[in-house]
Amino acid sequence: MAADETTSETGEFWIFGYGSLIWKPPPHYDQRVPGWVTGYVRRFWQASQDHRGTPEAPGRVVTLIERSFWASLADAHDSAPDKVWGTAYRIRADRVAEVKAYLDIREINGYTIHHAPFHRADGRSPPTIRTLVYIGTPDNDQFTGPQDPQALAEHIYASEGPSGLNRDYLLGLERALDELSPESGDAHVTDLSDRVRAIESRGRREGGPAAEGFERHPASHEFRKVGSVDEQEETEKA
Ligand code: BEZ
C-alpha cells in the first residue's frame, strides 16, 4: 500500500469498516466516526478460510458488491439499503507506517484495497472523507456469489475458525450495526441473524446445548476505545 495512495497532506489516513472493523477497531486510531458509503451492497458472499472457517470448511463473511453489478444478479434478498453503514477510523500520522504494515499483513483471503468516499454521520467537517476499504471483488477465489438465505444461515451456524464461531461474527455485526444509528440496520444481516437464532432455538427445543449470545440485544450505543495492538483482539478480515 503506497503512502501517497491513502494518506492526506497532513499524513494521517482513514479506513472504512463495514464488517468486523466496526466492533474490532484497528490499532492507534484517534477518531471513530459512524457513517456510510454509497454505490455498494453488503453481502455474506465471501468465504473465510482464515478467521471464521478453515481451508477445509470455509465460513462466510461480508464483502461489498458494486450496486450495479449486484442488480444484475438473482439475489433472494432482492433489496438493499442505499447506504452501507459502518465506521471510519482516522489513524494518526505518527502511527501510519505501523498500522499500514499491520493492515497489509491482513490483506489476504481475497480482499484487496479500494477507496471510497465516506459520509460522516456526526455532522462534523469535512462531511465526506476519502477512505481506504477492503473489498473481496467478484473475481477473487473466495467470492461465492448469491446464496440461498436459509442455506447460508445453516452454513454460518455450522462454521468456526481461528477467530471463533461464524455465528458470533454475524450476530456481532448485527449488534454493531444496531448501535451505530437508528437507521443503520441491514435487512440482509438481520434476516440471516433471525434464521440463525431460529436454528439455535430449534436445536435447544430438540435437546441441544444452549449457546450464548442468541437473545436479541438492546442497542446500547456504548463503545470501548482500544488504543494499541496489545490491548485489542486481533483485527480480522471482514
Ligand atoms: C471490514 O470492513 O471490517 C473489513 C472488510 C474486509 C476486510 C477486513 C475488514
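Expressed to the nearest 0.5 Å, how far CZ of R167 lies from OG of S193 amounts to 12.5 Å. With values rounded to the nearest 0.5 angstrom, L177 atom CG is found 6.5 Å from D186 atom CG. Between the CD1 atom in I199 and the OH atom in Y157 there is a gap of 7.5 Å [rounded to 0.5 Å]. Within the model, atoms CZ of F44 and CG of L173 stand 5.0 Å from one another, a figure rounded to the nearest 0.5 Å. Rounded to the nearest 0.5 Å, atoms CD1 (I113) and CD1 (I15) are 8.0 Å apart. One finds the CD1 atom of I135 at 7.0 Å from the OG1 atom of T112 (value rounded to the nearest 0.5 Å).
For E160 (side chain) and A158 (main-chain N/O), no donor-acceptor pair under 3.5 Å exists by modelled atom type. With hydrogens and angles ignored, the 3.5 Å screen pairs a side-chain donor or acceptor of T131 with a backbone N or O of A116. Judged purely by atom type and a 3.5 angstrom limit, Y18 uses its side chain to pair as donor or acceptor with the backbone of Y134. Checking side-chain atoms of R90 against main-chain N and O of E12 turns up no donor-acceptor pair under 3.5 Å. Here the side chain of R52 pairs no donor or acceptor atom with the backbone of N166 at under 3.5 angstrom.
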Inset, instruction - For the pair W45 and I65, evaluate side-chain contact (heavy atoms from CB on, under 4.5 Å) and give the outcome as yes or no after the intermediate values. - result: CA-CA 9 Å; W45 290 0; I65 296 108; 3.5 Å; yes
Inset, instruction - Step by step, work out the side-chain contact (heavy atoms from CB on, under 4.5 Å) result for L170 and V189. - result: CA-CA 7 Å; L170 168 65; V189 176; 4.1 Å; yes
Inset, instruction - Show your reasoning for whether side-chain contact (heavy atoms from CB on, under 4.5 Å) applies to S48 and D50. - result: CA-CA 6 Å; S48 173; D50 55 353; 3.6 Å; yes
Legend entry - Full working for side-chain contact (heavy atoms from CB on, under 4.5 Å) between V84 and T38: CA-CA 6 Å; V84 176; T38 59; over 6 Å; no
Legend entry - Intermediate values then yes/no, ring pair (Phe, Tyr, Trp, His ring centres under 6.0 Å), Y169 and W23: CA-CA 10 Å; Y169 171 99; W23 75 96; 5.7 Å; yes
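No hydrogens or angles considered: nothing links the side chains of R60 and Q46 as a donor-acceptor pair under 3.5 Å.
P149 and R195 get closest at one heavy-atom pair: CB-NE, 3.6 Å. For the residue pair L73 and P146, the shortest heavy atom distance occurs at CB-CG, 4.1 Å. Between A88 and W14, the shortest heavy-atom contact is CB-CE3, 3.8 Å. Between P58 and A47 the shortest heavy-atom distance is CB-CB, 3.9 Å. Closest non-hydrogen pair, G53 versus P162, comes out as O-CD, 3.5 Å.
A single hydrophobic cluster is seen to contain both V99 and F118, as judged by linkage of ILVMFWY side chains at heavy-atom distances under 4.5 Å, directly or through other members. L64 and F69 fall into different hydrophobic clusters, where Ile, Leu, Val, Met, Phe, Trp and Tyr residues are linked whenever their side-chain heavy atoms come under 4.5 Å apart, directly or through other members. Both I22 and L132 belong to a single network of hydrophobic side chains, linked directly or stepwise wherever heavy atoms of I, L, V, M, F, W or Y lie under 4.5 Å apart. Residues L171 and L165 are members of separate hydrophobic clusters, defined by side-chain heavy-atom contacts under 4.5 angstrom among Ile, Leu, Val, Met, Phe, Trp and Tyr. A chain of hydrophobic side-chain contacts below 4.5 Å, direct or via other Ile, Leu, Val, Met, Phe, Trp or Tyr residues, connects Y111 to I91.
Checked for salt-bridge contact, K83 and E183 meet the test: a charged N lies under 4.0 Å from a carboxylate O. Using a cutoff of 4.0 Å between basic side-chain nitrogens and carboxylate oxygens, E98 and R95 are scored as salt-bridged. Under the 4.0 Å criterion applied to side-chain N and carboxylate O atoms, R43 and D75 are assigned as salt-bridge partners. A salt bridge between D178 and R175 is absent, with no side-chain N of the basic residue lying under 4.0 Å from a carboxylate O of the acidic one.
Looking at residues two or more places apart in sequence or on another chain, you find no ring-ring contact (aromatic ring centres under 6.0 Å, His included) involving Y40. Remark: H114 pairs with no residue by the ring-ring contact (aromatic ring centres under 6.0 Å, His included) rule, at least two apart or across chains. The ring-ring contact (aromatic ring centres under 6.0 Å, His included) check on H77 picks up H188, with sequence neighbours excluded.
In this structure, W85 has its ring center no closer than 6.0 Å to that of F16.
Screening T190, V196, L192 for a side chain to side chain contact (heavy atoms under 4.5 Å, CB included) with E174, the sole residue that qualifies is T190.
Classified by interplanar angle (parallel below 30°, tilted 30° to 60°, perpendicular above 60°), the ring pair H119/W36 is parallel.
In this structure, D141 places its CG atom where only 12 or fewer heavy-atom neighbours from other residues, nucleotides or ligands lie under 6.0 Å away.
Put simply, the side chain of Q31 reaches to within 4.5 Å of the side chain of R120, judged on heavy atoms. Counting heavy atoms from C-beta outward, T87 and L180 have side chains that approach closer than 4.5 Å.
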